[in-house]
Amino acid sequence: SPMVTGTSVLGVKFDGGVIIAADMMGSYGSLARFRSISRLLKVNDTTMLGASGDYADFQYLKQIIDQMVIDEELLGDGHSYSPKAIHSWLTRVMYNRRSKINPLWNTVVIGGYYNGESFLGYVDMLGVAYEAPTLATGYGAYLAQPLMRDVLEKKASLTKEEARDLIERCMKILYYRDARSFNRYEVAIATEKGVEVEGPLTLEANWDIAHLV
């Protein structure tokens with residue numbers, strides 16, 4: 001069972017790419033133990049991922065993926081892992097581990113931009129996997145996902161700026177409402193130019209009305 005855990009990861013597709021975000025809190029139960037851990041990973045120039053759940057299991061996955069990418073590059077055949085390939089591979093790994101009754105206690109969001117197409121996929125600790133235009137794990141599935149879906153229902157395709165504003169708004173709401181979240185966060189953006197991880201960024205929060213709640 002998990003020890004140090006991370007909370008929600010959010011993801012949104014936009015016109016010409018994908019954006020994912022996660023805060024930098026590592027909680028030990030309800031103790032805010034680590035305040036500057038990265039839960040986002042740049043896999044290669046087309047693929048990125050973010051993970052909720054057990055941080056040690058995420059570090060283990062990161063180690064394996066990093067080595068896979070090195071092995072792939074050493075072949076020098078001009079191919080690299082696509083977001084779809086990493087998503088599919090993770091599905092197999094997660095399902096394989098839960099079948100041994102020893103799951104990797106994570107929910108992973110995989111994002112990327114490959115061959116002119118945006119990709120956003122979800123895999124959980126049981127190997128349940130799907131793709132969607134907006135994704136949220138953990139507490140975000142209850143608080144952020146409805147907001148993101150609402151925005152996409154009103155406007156089917158977002159610009160990069162609109163997607164970024166939406167993610168920031170959702171991160172702020174999660175900071176206010178989720179007791180395991182934090183106002184320091186990272187954002188990863190995949191476009192045709194590649195994958196960029198930005199952060200640590202800090203949310204500006206206003207607690208003036210806190211005493212009324």
Side-chain angles (χ1 to χ4, degrees), residues 1-11 13 18 20-34 36-75 79-112 114 119-142 144-145 174 178 180-182 185-186 188 190 195 197:
S1 62
M3 298 289 278
V4 175
T5 58
T7 185
S8 320
V9 180
L10 307 180
K13 276 188 190 180
V18 177
I20 62 173
D23 69 21
M24 302 186 77
M25 173 73 83
S27 304
Y28 183 76
S30 59
L31 174 73
R33 180 65 185 83
F34 303 103
S36 58
I37 58 164
S38 176
R39 299 192 290 119
L40 300 184
L41 167 65
K42 176 182 173 177
V43 176
N44 55 30
D45 290 333
T46 61
T47 311
M48 61 197 180
L49 60 83
S52 311
D54 190 76
Y55 196 68
D57 285 348
F58 168 64
Q59 287 174 312
Y60 169 73
L61 270 176
K62 180 181 185 302
Q63 225 172 344
I64 292 173
I65 292 168
D66 285 344
Q67 190 58 52
M68 272 169 55
V69 170
I70 290 166
D71 294 345
E72 178 69 39
E73 281 174 6
L74 283 173
L75 294 173
H79 288 283
S80 62
Y81 286 112
S82 67
K84 217 180 195 84
I86 293 292
H87 179 251
S88 181
W89 174 82
L90 259 174
T91 308
R92 303 318 347 129
V93 170
M94 295 309 232
Y95 184 73
N96 176 258
R97 284 293 296 257
R98 80 105 223 183
S99 299
K100 294 175 179 172
I101 327 293
N102 182 22
L104 292 169
W105 216 285
N106 298 102
T107 308
V108 187
V109 170
I110 300 97
Y114 189 78
F119 179 91
L120 188 61
Y122 167 108
V123 187
D124 73 10
M125 61 187 279
L126 303 177
V128 173
Y130 54 87
E131 294 172 43
T134 63
L135 285 178
T137 71
Y139 217 63
Y142 301 99
Q145 184 72 296
L174 285 170
D178 177 6
R180 304 285 166 266
S181 66
F182 195 46
Y185 70 106
E186 285 181 314
V195 174
V197 180

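Only heavy atoms go into these numbers, but all of them, side chains included; no hydrogens, no water, no symmetry mates. Remember, predicted model here, so these are calculated numbers, not experimental data.
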Taking R97 for the side chain and L104 for the main chain, is one N or O donor matched with an acceptor at less than 3.5 Å? no

Please report the closest heavy-atom contact between K42 and V195, naming both atoms and the distance. NZ-O, 3.3 Å

d(L126 CG, Y95 OH) to nearest 0.5 Å is 10.0 Å

Which atom pair, heavy atoms only, marks the closest approach of S181 to M25? O-CE, 3.9 Å

Please round to the nearest 0.5 Å and tell me the distance separating atom CD1 of I70 and atom CG of L75. 12.5 Å

M125 and R98 have their tightest heavy-atom pair at O-CB, 3.6 Å

Tell me yes or no: between the side chains of T107 and D124, is some donor less than 3.5 Å from an acceptor? no

Decide side chain to side chain contact (heavy atoms under 4.5 Å, CB included) for L49 and F58; before the verdict, give the C-alpha distance in whole Å, the side-chain angles of both, and the deciding distance to 0.1 Å. CA-CA 10 Å; L49 60 83; F58 168 64; 3.8 Å; yes

Would you find a donor on one side and an acceptor on the other, under 3.5 Å apart, between the side chain of R33 and the backbone of S27? no

Under 3.5 Å donor-acceptor, N44 side chain and Y81 backbone: yes

Given V69, V18, I110, L41, the one that forms side-chain contact (heavy atoms from CB on, under 4.5 Å) with T47: I110

Identify the heavy atoms of S38 and Y55 that sit nearest to each other, and give their distance. O-OH, 2.8 Å

Might you point out which heavy atoms bring G111 and L120 nearest each other, and give the distance in Å? CA-CD1, 4.2 Å

Separation of Q59 CD from L61 CG (nearest 0.5 Å): 10.5 Å

Under the side chain to side chain contact (heavy atoms under 4.5 Å, CB included) rule, what do S8 and D178 come out as? Steps first, then yes or no, please. CA-CA 9 Å; S8 320; D178 177 6; 4.1 Å; yes

Could you check M68 against W89 for side chain to side chain contact (heavy atoms under 4.5 Å, CB included), going step by step and ending with a plain yes or no? CA-CA 11 Å; M68 272 169 55; W89 174 82; 3.4 Å; yes

Could you go through residues 130-141 and list every donor-acceptor pair under 3.5 Å that involves a side-chain atom there, pairing it with any protein atom two or more places apart or in another chain?
unit_1: T134; atom_1: OG1; unit_2: Q145; atom_2: OE1; d: 2.7
unit_1: T137; atom_1: OG1; unit_2: V9; atom_2: N; d: 2.9
unit_1: T137; atom_1: OG1; unit_2: S52; atom_2: OG; d: 2.3

Take D23 and R180 through the salt bridge (Lys or Arg N to Asp or Glu O under 4.0 Å) test and state the conclusion after the steps. CA-CA 10 Å; D23 69 21; R180 304 285 166 266; over 6 Å; no

Measuring from E186:CD to L40:CG, what's the distance to the nearest 0.5 Å? 5.0 Å

Any F34 side-chain heavy atom under 4.5 Å of M24 side chain: no

Looking only at heavy atoms, the pair that brings P103 and D57 closest together is O-OD2, 4.0 Å

For T5 and D54, what are the C-alpha separation, side-chain angles and deciding distance, and is it a side chain to side chain donor-acceptor pair (under 3.5 Å)? CA-CA 5 Å; T5 58; D54 190 76; over 6 Å; no

When rounded to the nearest 0.5 Å, the distance separating OG of S99 from CZ of R92 is 9.0 Å

A side-chain contact here means heavy atoms from C-beta on lying under 4.5 Å apart; do Y28 and M3 qualify? yes

Is the backbone N or O of A85 less than 3.5 Å from a side-chain atom of S82, with the two atoms forming a donor-acceptor pair by type? yes

Nearest 0.5 Å please: distance from the NE2 atom of H87 over to the OH atom of Y122. 10.0 Å

Hey, are S80 and E73 close enough side-chain-wise for a donor-acceptor pair under 3.5 Å? no

What's the verdict on side chain to side chain contact (heavy atoms under 4.5 Å, CB included) for I20 and L10, showing C-alpha distance, side-chain angles and the deciding distance? CA-CA 5 Å; I20 62 173; L10 307 180; over 6 Å; no

